[in-house]
Every structure is written in C-alpha cells, then in structure tokens.
J.: 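Can you keep this structure in mind? I'll have questions shortly.
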Amino acid sequence: MQWIKCNSMMGSWVVAALFCAGNAYAVEQSRNIMVFDSALGFMQQQGRIDLAMADVPEGTAYAGDVLNSEAATVVQGAAVEKYLPHASQDVNIEKAKSAYKQGDLEQALSILQAIYTAAPESSEVNYYLGLVYKGMLDFKKAEIHLQAVAVKNEKNGDAHSHLGEVYHSQGQMDKAKRELLQAQKYHGRPAYTAYLLGLIYLQEKQFDLALSSLQKAIDLDVSFRQKGEYSKGVAYFKQGERAHAEHSFQIAIDEDPDTDAGVYAQLSLIKMKKEAGKSVQPFRAGARYVFSYDDNVVLSPSLLLVPVVIAQKSDVRHTLSLSASYVAQLSDHWKLDSGYQLSQSFHRNIHRYNVTSHTLSVNPTYTMASGDELGLQFSGDYYLLAGTRYLQALGGYLVNRHPFNKRSFGTLRAGFRSYNYFDKVAATENRDGTGLLASYDYLHLLGEGGYATVGLSYARDLTKGVNWTNDQKKINGLISYPLYGKISAEAYGSYVLQHFMNANTAAGFHRIDKVYNSSLALTYVANKMWRLSSQYSWTRALSNIYVYDYTRNIYSLSAEYSY
C-alpha cells in the first residue's frame with residue numbers, strides 16, 4: 001500500500017485538508033480491499049467461495065477485485081471473524097461450544113473444521129471435534145480426535161471417558177475398559193464412567209463388580225437411577241437372585257414406564273413371571289453339613305425346647321440336614337409352598353444328647369395387586385433325643401407381608417402353637433401346653449446386594465405345669481453385606497426377656513431369664529449350588545435360678561448344596 005504524506009507545501013491549508021481527506025478515504029478503501037482479498041483467498045483455498053459471499057447483503061456492488069466500504073465491512077465481519085481461525089480463534093471456539101451445547105452439531109462442526117485447518121494441534125479443538133463427531137455417531141472420526149487429546153494429555157480424564165464411550169459404541173470392549181479405567185483414575189465424568197464400566201462388567205459376567213459400579217453411578221448422579229437400576233436388575237437376574245432383580249426392575253419402571261429403560265424393565269418382569277411357572281424349578285432340594293465345637297452343650301434345637309445345662313461340658317458335634325421343597329403356582333395370585341427337613345446331630349462324646357428332628361410345612365399364599373401377600377403357615381415338628389421320642393409340636397400362623405417401597409418390607413405374623421413332651425416328669429414340671437405368638441419383622445434392602453432386618457415378638461405359653469407358664473419378649477437384628485466378590489459377612493444379635501407367671505414351687509419366687517445371643521459369620525458363595533460358611537456364636541443366659549444360668553460359645557464350619 002502506498003502512503004501519501006500531506007504537508008503545507010501543497011498549497012493552502014484548505015486544499016491540503018481536502019487532499020489529505022481524499023487520501024485517507026483511499027487508504028481506508030485499500031484496507032477494505034485487502035481484507036476482502038485475504039478472506040476471499042482463504043475461502044478459495046478451502047473451496048468455500050460460497051461461504052465467503054454468503055453473508056454479503058443483496059445488491060452490494062462488486063466489480064473485479066473492488067468492493068465498496070460496506071461490502072468490505074460485511075466480509076470482515078462474516079468471513080474473517082467467522083472463518084479465519086487465526087483472526088479470532090478463541091471467539092470462534094466459544095461459538096462452536098455454544099452451538100454444540102444447543103445441539104446444533106452442523107454449525108459447531110463447520111466452525112471447528114475451519115479452526116482445525118489452522119490449528120490441528122489444539123487439544124481443545126480436537127476435544128470438541130471428537131464430541132461433535134460422537135454426537136453425529138461418526139465414531140471413527142471421533143476416535144481420531146479424542147485419541148489425539150488422550151495421548152497428548154494422559155491426565156485428561158474426560159477425554160479418556162469419551163474415548164471409552166466411543167470404543168464401547170463400536171463394540172471394542174477391551175479398549176473401552178482400558179480407557180474408562182484411566183478416566184476413573186483421573187476423575188473423568190465419574191458417574192458416566194462408572195455406569196459404562198458397570199455395563200462392561202455385566203457383559204464380562206463379573207456381576208459383583210457390575211452391581212458395585214452401577215450403584216456408584218446412581219449414587220453420584222440421580223439421573224442414572226433408571227437405566228442403572230434396569231442394568232442392576234439384569235445382573236441380579238443372571239445371578240439367579242430373582243427377588244432383587246424384580247426389585248430393581250420395578251424401580252426402573254416407577255421412574256418412567258415410557259422410556260426405553262422403563263419399557264425394557266417391564267418386558268423383563270413379564271419374562272420373569274412367565275419363567276416362574278415354567279423354567280424355574282418348582283422342586284428344590286438341598287443338603288447341609290455343619291461341624292461345630294460347643295464349649296457348653298445345651299439342648300436347644302429350637303425355641304420350643306427348654307435349655308438344660310450339662311455341667312459346662314464341651315463336645316464336638318456333626319449335624320447333617322436334608323431338605324426338599326415344592327412350589328405349586330396355582331394361578332396368577334395363588335401359590336402353595338410345601339417343604340420337609342430332616343436334621344440329625346451327632347456328638348462325639350455326649351451321645352445321649354444327639355437330636356433327630358423332622359419338620360413339615362405347608363404355606364398357601366395369595367398375592368394382591370398392591371404387592372401385599374397374605375398367607376397361612378402350618379408346621380409340624382417331631383424330635384427324638386438319643387433315639388427316643390422327645391417332643392411333638394404344631395403351629396399355625398396368619399402372615400401378612402407388606403412392601404413399603406421397593407427396598408423395604410414388613411412382615412406381620414400371628415398365630416398359635418401347641419407342644420407335647422413325651423418325657424415323664426412331675427406335674428408341676430409338665431411343659432405340655434399351647435401358646436400364642438405375634439411378631440413383626442422389618443427388612444430393608446441395602447445397596448450392592450446387602451440387607452438388614454429387625455424384629456420384635458411376643459409369646460405367651462400356657463403349660464399344664466405351673467412352673468413353665470411364661471411370657472417372652474424378644475428383639476433381634478441382623479445385617480448381611482457383601483465384603484468382596486463372592487464373600488459376604490453377617491452379624492446377628494437378639495435379646496429375650498422371659499418372665500414366668502407363677503412362683504416356682506422349688507425356689508419360692510418367680511423365675512426371670514434374660515438371654516443374649518450374638519453371632520458373626522462369613523459366607524462364600526461358590527456358585528448357585530454351593531455355599532461355604534464359618535460362624536461364631538455366643539450366648540449368655542442370666543437367670544435368678546442358677547441352674548438356668550450359663551454361657552455358651554460355638555465355633556462352626558458348614559457346607560451347603562442346593563439345586
């Protein structure tokens with residue numbers, strides 16, 4: 001450009017002023033032409049001459065390489081600012097981000113492609129190009145740009161997360177898992193990363209890891225609740241835990257039954273109900289073996305048996321139990337459960353306290369539309385002590401199981417029991433009689449497959465012998481929670497207050513017992529059929545009649561098989 005110097009030597013100051021003003025106009029026109037030439041050249045290089053002229057107002061004069069001032073201003077605003085990344089790259093990146101967030105992927109792509117031509121090494125440009133291509137489902141191009149960011153900056157957790165999602169969408173699970181683990185390490189999109197990892201673990205049949213990761217996603221971001229619960233339901237179903245699966249599917253449905261996850265959850269529930277009457281075995285059987293060391297052998301196979309102290313003698317005991325059950329689905333609402341169990345204990349030294357028991361139960365149940373279950377429980381028990389008849393008991397209970405929500409359930413039970421002891425004792429010690437029982441248990445499902453229960457019960461036993469008529473009040477609690485993989489821990493505790501209603505004929509006062517029980521157990525679920533457990537139990541009975549006062553410790557190992 002040629003600059004013209006103005007000075008007073010050119011004539012009068014008026015003439016000089018007019019001359020300089022004319023040259024100033026020429027200089028401005030020249031600058032505008034250069035701006036246009038620069039924009040036009042850039043667009044021609046990019047094959048985008050249509051874009052260079054797209055924003056020029058209709059009727060703008062154009063003659064050869066010359067534009068009027070208004071046209072130059074338009075090109076400078078529309079072409080240079082909009083399509084020259086080196087002119088205002090930061091501004092254009094922000095415009096691209098805004099277009100992307102508003103869902104205008106085409107506009108975002110146009111801006112980013114132009115910037116990328118001038119700055120292909122920019123991590124920010126590559127990152128958003130990757131997001132735009134991912135949004136357009138062009139996963140190959142998205143992979144190229146996101147991989148460039150992840151390689152350049154290993155600690156960019158979001159880039160690893162998006163790249164993992166791209167690999168997951170292409171079915172490249174090994175690569176997806178690698179990138180998502182990197183994303184987790186550097187805190188990239190924590191909730192979404194946990195959700196995608198949960199899906200991969202589910203596909204790999206690592207169900208415990210899948211459940212843990214899916215629950216983490218839900219805990220981090222409530223928006224993952226529906227699809228996370230649906231995927232948890234799938235994991236539980238594949239593990240054979242139908243109750244937990246139904247619970248998770250129902251949560252997904254309650255969130256919104258019209259979404260994809262809601263519809264899939266409904267279909268899964270329908271499939272489960274159909275299979276419940278077909279593929280699920282109505283007949284089940286199992287066996288359990290327990291090896292235990294008891295430091296104070298006390299005869300108490302059930303609450304119906306009265307503890308008898310054996311002078312603090314210890315012994316090793318082997319117990320074998322066999323069980324069988326049959327469930328008949330009579331209709332959509334009615335079912336009938338029936339079962340039988342045989343148990344036999346053998347002491348190494350104190351053989352006269354070997355116990356054999358037979359238990360038979362029949363339970364018809366009706367399920368209402370609300371989810372409440374109403375049922376009757378009938379049971380009969382028959383015990384032998386050292387091969388001799390010892391006790392016969394019958395019980396009948398009305399049961400109502402009520403769901404408060406998808407994680408909490410309450411069970412109310414009320415009924416009677418009668419028992420007949422075959423041993424010959426004094427009239428005042430005759431324990432034959434009937435009793436009334438009422439109990440309430442509350443169960444709450446915890447995350448990752450755990451659960452907790454608390455129960456209250458009251459019983460009154462009316463016996464023929466005056467020394468055994470009593471009231472019992474009991475509170476108990478249990479919590480079970482998975483520790484790692486297939487290993488879970490269980491803790492139990494109870495307190496029983498037993499108040500005898502008549503003065504004991506030998507002691508001359510009313511007997512009062514306080515019994516504390518606690519236990520800790522570790523269980524390993526090898527597969528659907530085998531379970532291995534170790535357990536420690538502690539009992540402390542406090543009584544104002546010393547022969548019923550004792551402490552007991554039991555250490556046991558057990559193996560259980562069922563099919």
Side-chain angles (χ1 to χ4, degrees), residues 97-98 100-103 105 127-128 130-137 139 142 146 149-150 153 155-170 173 175-204 206-238 244-266 268 405-408 444-450 481-482:
K97 291 181 184 178
S98 177
Y100 170 75
K101 292 175 182 178
Q102 294 173 14
L105 300 182
Y127 179 75
Y128 279 98
L131 298 190
V132 169
Y133 280 124
K134 179 167 73 74
M136 292 179 165
L137 306 183
F139 298 121
L146 290 171
V149 179
N153 184 2
K155 295 184 179 181
N156 190 326
D158 285 353
H160 286 294
S161 179
H162 285 293
L163 186 56
E165 182 183 355
V166 166
Y167 284 133
H168 184 272
S169 299
Q170 298 178 88
M173 297 303 168
K175 291 183 178 180
K177 185 177 180 180
R178 180 193 66 204
E179 294 299 330
L180 291 170
L181 288 174
Q182 284 291 94
Q184 196 171 66
K185 179 179 178 180
Y186 296 114
H187 311 292
R189 299 197 303 168
Y192 202 90
T193 297
Y195 172 70
L196 287 179
L197 278 172
L199 298 184
I200 292 175
Y201 290 136
L202 180 58
Q203 184 172 342
E204 293 176 345
Q206 299 187 62
F207 299 121
D208 292 324
L209 290 175
L211 289 168
S212 175
S213 196
L214 291 167
Q215 186 60 49
K216 180 179 179 181
I218 296 170
D219 293 340
L220 289 171
D221 187 344
V222 71
S223 66
F224 285 91
R225 180 177 174 82
Q226 185 181 46
K227 53 190 176 183
E229 287 292 347
Y230 167 72
S231 299
K232 283 175 61 181
V234 174
Y236 282 130
F237 179 75
K238 289 181 178 293
H244 286 99
E246 181 178 351
H247 173 70
S248 289
F249 287 144
Q250 192 61 56
I251 292 176
I253 295 170
D254 291 343
E255 285 288 310
D256 188 344
D258 298 324
T259 62
D260 288 345
V263 172
Y264 292 149
Q266 292 176 70
S268 298
N405 50 53
K406 301 309 175 184
R407 287 188 173 274
S408 302
H444 181 73
L445 299 176
L446 306 174
E448 303 180 8
Y481 202 79

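Starting from 1, each residue takes its place in the sequence as its number.
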J.: Can you pull out every salt bridge (Lys or Arg N to Asp or Glu O under 4.0 Å) where at least one residue sits in residues 211-231? Sequence neighbours excluded, please.
T.: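 For residues 211-231, and leaving out neighbouring residues, the salt bridge (Lys or Arg N to Asp or Glu O under 4.0 Å) pairs sorted by first residue read R225-E255, E229-K232, E229-R407.
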J.: Apply side chain to side chain contact (heavy atoms under 4.5 Å, CB included) to the pair L202 and V234, showing each step before the final yes or no.
T.: CA-CA 8 Å; L202 180 58; V234 174; 4.0 Å; yes
J.: Which pair of non-hydrogen atoms, one from V166 and one from F139, has the smallest distance, and what is that distance?
T.: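 Distance-wise, the nearest heavy atoms are CG1-O, 3.5 Å.
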J.: Which atom pair, heavy atoms only, marks the closest approach of L163 to A150?
T.: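 Looking at all heavy atoms of both residues, the closest pair is CD2-CB, 4.3 Å.
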J.: Quick check: closest heavy atoms across S231 and L214, and the distance to 0.1 Å?
T.: CB-CD1, 3.6 Å
J.: Identify the two heavy atoms, one from A217 and one from A191, that lie closest to each other, and give their separation to 0.1 Å.
T.: CB-O, 3.4 Å
J.: Could you give the distance from OG (S248) to CD (Q215), rounded to the nearest 0.5 Å?
T.: 8.5 Å
J.: Can you sort out the partners of A245 under side chain to side chain contact (heavy atoms under 4.5 Å, CB included), two or more places apart, ordered by chain and number?
T.: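 Listed in chain order: Y236, F237, F249, M272.
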J.: Can you confirm whether Q170 is buried at CD, in the sense that more than 12 heavy atoms of other residues, nucleotides or ligands lie under 6.0 Å from that atom?
T.: yes
J.: Does one side chain, of S161 or E165, offer a donor that lies under 3.5 Å from an acceptor on the other?
T.: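 Looking only at side-chain atoms, E165 and S161 do not form any donor-acceptor pair under 3.5 Å.
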J.: Any donor-acceptor pair under 3.5 Å linking the side chain of S213 with the backbone of Y195?
T.: no
J.: Report, one line per pair, each donor and acceptor closer than 3.5 Å where one atom sits in a side chain of residues 179-187; sequence neighbours left out.
T.:
from: E179; atom 1: OE1; to: H160; atom 2: ND1; distance (Å): 2.6
from: Q182; atom 1: NE2; to: E154; atom 2: OE2; distance (Å): 3.4

J.: Restricting to non-hydrogen atoms, name the atom on S408 and the atom on H444 that form the minimum distance, rounded to 0.1 Å.
T.: OG-ND1, 2.8 Å
J.: Given 3.5 Å as the limit, does a donor-acceptor pair link the side chain of T259 with the main chain of D256, or not?
T.: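 The answer is yes, because a donor-acceptor pair under 3.5 Å joins these two groups.
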J.: Checking the side chain of D158 only, and the main-chain atoms of R189 only, is there a donor and an acceptor separated by less than 3.5 Å?
T.: yes
J.: At what distance, to the nearest 0.5 angstrom, does CG of L131 lie from CE of M136?
T.: 12.0 Å
J.: Does some side-chain heavy atom of S268 sit less than 4.5 Å from a side-chain heavy atom of Y230?
T.: yes
J.: If we ignore hydrogens and angles and just use 3.5 Å, is the side chain of T193 paired with the main-chain N or O of G188 as donor and acceptor?
T.: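 Between the backbone of G188 and the side chain of T193 there is a qualifying donor-acceptor contact (under 3.5 Å).
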J.: Quick one: closest heavy-atom pair of Y201 and K177, and the distance?
T.: CE2-CE, 3.8 Å
